[in-house]
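Everything on this sheet refers to the single structure shown next.
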Amino acid sequence: MEKLSEQELVRRQKLASLVEKGIDPFGQRFDRTHNTKMIKDEFSNFSKEELHDNPSPTISTAGRIMTKRGKGKAGFAHIMDQYGQIQIYVRMDVVGDEDFELFNNADLGDIVGVEGTVMITNTGELSIRVTKLTHLAKSLRPLPEKFHGLTNIEERYRRRYVDLITNEKSRETFITRSKIISMFRELLNDRGYLEVETPILHPILGGANAKPFVTHHNALDMPFYLRIAPELYLKRLIVGGFDGVYEIGRNFRNEGISIKHNPEFTMMELYQAYGNIDTMMELTQYLFSTVAKRLGKDTVEYNEKTIDFGTWHKVHMADAVKSELGIDFWDTEMTFEKAKAFAESKELEVPDHFTGTGHILNLLFEEYCEETIVQPTFVYGHPIEISPLAKKNIDDPRFTDRFELFIDGREYGNAFTELNDPIDQRERFEEQIKEKELGNDEASEMDYDFVEALEYGMPPAGGLGIGIDRLVMLLTESVSIRDVLLFPHMKPRSN
RNA sequence: GACCCGCUAGCUCAGUUGGCAGAGCAUUUGACUUUUAAUCAAAGGGUCAGAGGUUCAAAUCCUCUGCGGGUCACCA
């Protein structure tokens, strides 16, 4: 048994005295006529005198006691629900001795229900003049300080519920997150996309380049990967005849944790039969600008920069690198040796599994161009070497019809015209296996079943993935991904 | 994984040159029937993250460990 603090002991004594009075310290159902927002919406247009002369109907609401001010035979408190706080005014001569004692003995953090009429105080605050007070739940631990709230970052993540109680900004962020995800669903459903669910346990690694988590199924006695991307399953559904499908769900990547990375993160992935890179670009811009607009944020202040969702740019990766560094990857004379020598002249390390000019082009782009992008920009034309699931460009097969969306140096989306040629796809997988043998532990594996699916014929299609957490960060102006994840991963607390 | 910074009361934070462990809020007791970071009076509350070392003496200096934050690396 852990040692209790003085305050915890006092609260447990108060709990015992509630029991003695026959009051359930952890209460029962309480029917509310209003939440705090409804009270404000309904009554804030009335004056103090109007509410005094024509008393409101009796309303009931409930919430957690956040502040409390005793005044002898009367008292004030603020109670809080999901929507905010409302002040309550409790007079002994109105509620009677029993309820007033209940009020006096209530602690900050306790949850109560109130009945009463709506009034405005001398200082002009909309309040409830309580006629009946109901104890609903005892709080056995003290809340953080009322003025500063919980500010310790570690504690805010470990005890998110306390963070949500005391920090309005945090509450708003997660409400916004929920809105963004439901807007995505609404916008996509309205365009006729079908929401689907595909496996999270994958027998074969694929759909992205990343290190996986590995788990084990007992009955089947075989290992499974937690999915790094749902791509290959979703495309099987396009083979199966669905016109457009999407999935919003968790992906898992066994990599470092940082301000931008959590081991599990949420992606929206979508496939559109008969579409291509351009339809995905249009869709991406539509989703981002519509969601931003509906949140009332045509522009966002992020990282001391103004991001304008009305301004979208487009640049080919080879052009971006050419204008930044002068080296021309369009040049048909460009060889791997030349490209590698250039990279090494910049003191970049070229790993063994880099075997094509495209690997170098991407390296240079990531190293020198990515961070220079501020406004929403589609970087397209990724080299074939790093795009094993994207269709080759019809005019220049060194590049694929793929784009990534960058905003303020970070990737928010990845899309391409899907590779639907099973013969080409099998060769691409074989290239990946070669890379794996050369030491790329993020290369994907051969998925024969997926190739077989393509052999039945997949219509030309566009595909898109959007990192939901990062979008939420941007639209809530959150610095860290942990600020948009309710329960970010932490090492267990030491004793 | 590497480097830098942090960890003191329930919470937010002070703590000087190594010399009795501090404040505000919260808690307890008393006063107060329109207060609002309520006010006034008094009181209680500490494994200074943990372990070890230096010293007459350590929250303070040194070493190790834990957890967190930041930067880098990897990635979305």
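Each chain gets a letter, A, B and so on, in the order its sequence line appears, and its residues count up from 1.
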**OP:** Not counting sequence neighbours, list each pair that qualifies as a ring-ring contact (aromatic ring centres under 6.0 Å, His included) and has a residue in residues 123-151 of chain A.
**Re:** none
**OP:** Identify whether any heavy atom of A:E155 sits under 4.0 Å from a base atom; if not, whether one sits that close to sugar-phosphate; answer base, sugar-phosphate or nothing.
**Re:** nothing
Provide a list of protein-nucleic acid N or O atom pairs under 3.5 angstrom, restricted to nucleotides 21-23 of chain B.
none

**OP:** Nearest whole angstrom, please: distance from the P of B:A26 to the CD1 of A:I65.
**Re:** 14 Å
Subject >> Presence of A:K73 side-chain N/O under 4.0 Å of B:U34 phosphate oxygens OP1/OP2 >> reply: no
Original post:
Which atom pair, heavy atoms only, marks the closest approach of A:V350 to A:A343?
Top reply: CG2-CB, 4.1 Å
Subject >> Rounded distance in Å between the C1' positions of B:U33 and B:A37 >> reply: 22 Å
Original post:
Mapping A:R91 and A:A208 onto RNA chain B by nearest heavy atom, which one lands closer to the 5' end?
Top reply: A:R91
Original post:
Are A:K235 and A:E418 ion-paired here, with the side-chain N under 4.0 Å from a carboxylate O?
Top reply: yes
Original post:
Do A:D469 and A:R177 meet the salt-bridge criterion of a basic N to acidic O distance under 4.0 Å?
Top reply: yes
**OP:** Would you tell me whether A:D81 and A:N35 have side-chain atoms, one donor and one acceptor, within less than 3.5 Å of each other?
**Re:** no
Subject >> Between B:C74 and B:A2 - C1' atom distance, rounded Å >> reply: 13 Å
**OP:** Answer yes if the side chains of A:Y89 and A:R91 hold a donor-acceptor pair under 3.5 Å, and no otherwise.
**Re:** yes
**OP:** Sequence neighbours left out, what passes side chain to side chain contact (heavy atoms under 4.5 Å, CB included) with A:E172? Give chain and number order.
**Re:** A:E168
**OP:** Looking at every strand, decide which applies to A:E411 at a 4.0 Å heavy-atom threshold: base, sugar-phosphate, or nothing.
**Re:** sugar-phosphate
**OP:** Give the nucleotide from the list B:U33, B:C74, B:U28 with an atom nearest to the side chain of A:K14.
**Re:** B:U28
Subject >> Nearest listed nucleotide, side chain of A:T151, among B:U34, B:G24, B:C13 >> reply: B:C13
Original post:
Under a cut-off of 3.5 Å for both distances of each Watson-Crick or G-U pair, what dot-bracket string does RNA chain B give, using [ ] for crossing pairs and | for inter-strand pairs?
Top reply: (((((((..((((.....[..)))).(((((.......))))).....(((((..]....))))))))))))....
Subject >> Any A:V94 side-chain heavy atom under 4.5 Å of A:V130 side chain >> reply: no
Subject >> Closest nucleotide among B:U34, B:A37, B:A76 to the A:M119 side chain >> reply: B:U34
**OP:** For A:Q7 and B:U12, give me the distance from atom CD to atom P, rounded to whole Å.
**Re:** 14 Å
**OP:** Quote, to the nearest angstrom, the P distance that separates B:C48 from B:C7.
**Re:** 14 Å
**OP:** Quote, to the nearest angstrom, the P distance that separates B:U12 from B:A49.
**Re:** 15 Å
Original post:
What does A:E404 touch in the nucleic acid at a heavy-atom separation under 4.0 angstrom: a base, only the sugar-phosphate, or nothing?
Top reply: nothing
Original post:
Just checking A:G70: base, sugar-phosphate only, or nothing, at a heavy-atom cut-off of under 4.0 Å?
Top reply: base
Original post:
Hey, does A:H382 have a side-chain heavy atom less than 4.5 Å from the side chain of A:F365?
Top reply: no
Original post:
Using centres under 5.5 Å plus planes under 30 degrees as the test, is A:Y412 stacked with B:A76?
Top reply: no
**OP:** Flag this pair as yes if the NZ/CZ of A:K40 is under 6.0 angstrom from the six-membered ring centre of A:Y83 and inside a 45 degree cone about the axis; otherwise no.
**Re:** no
Distances under 3.5 Å only, N/O to N/O: pair up the protein atoms with those of nucleotides 68-72 of chain B.
residue	atom	partner	partner atom	Å
B:G68	OP1	A:K491	N	2.8
B:G68	O4'	A:E154	OE1	2.9
B:G69	OP1	A:R482	NE	3.4
B:G69	OP1	A:R482	NH1	3.4

Original post:
CG of A:D107 versus C1' of B:U28: gap in Å, rounded?
Top reply: 11 Å
Subject >> Whole-Å distance separating the CD atom of A:E6 from the C1' atom of B:G44 >> reply: 5 Å
**OP:** Using the P atoms only, state how far B:G45 lies from B:U29, rounded to an integer number of Å.
**Re:** 16 Å
Subject >> Salt bridge A:K21-A:E101, side-chain N to carboxylate O under 4.0 Å >> reply: yes
Original post:
Considering only B:U33, B:U34, B:C25, which nucleotide approaches the side chain of A:E145 most closely?
Top reply: B:C25
**OP:** Would you classify A:K68 as touching base, sugar-phosphate or nothing, given that sugar-phosphate means primed atoms plus P, OP1 and OP2, and contacts are heavy atoms under 4.0 Å?
**Re:** nothing
Original post:
Within the structure shown, what part of the strands sits under 4.0 Å from A:N262 by heavy-atom distance: base, sugar-phosphate, or nothing?
Top reply: base
Original post:
Can you name the residues that form a salt bridge (Lys or Arg N to Asp or Glu O under 4.0 Å) with A:E477, not counting sequence neighbours?
Top reply: A:K297
Original post:
Taking for each residue the nucleotide of RNA chain B bearing the nearest heavy atom, is the 5' side occupied by A:T121 or by A:L143?
Top reply: A:L143
Original post:
How close do A:A320 and A:C369 get, heavy atom to heavy atom, and via which atoms?
Top reply: O-SG, 3.6 Å
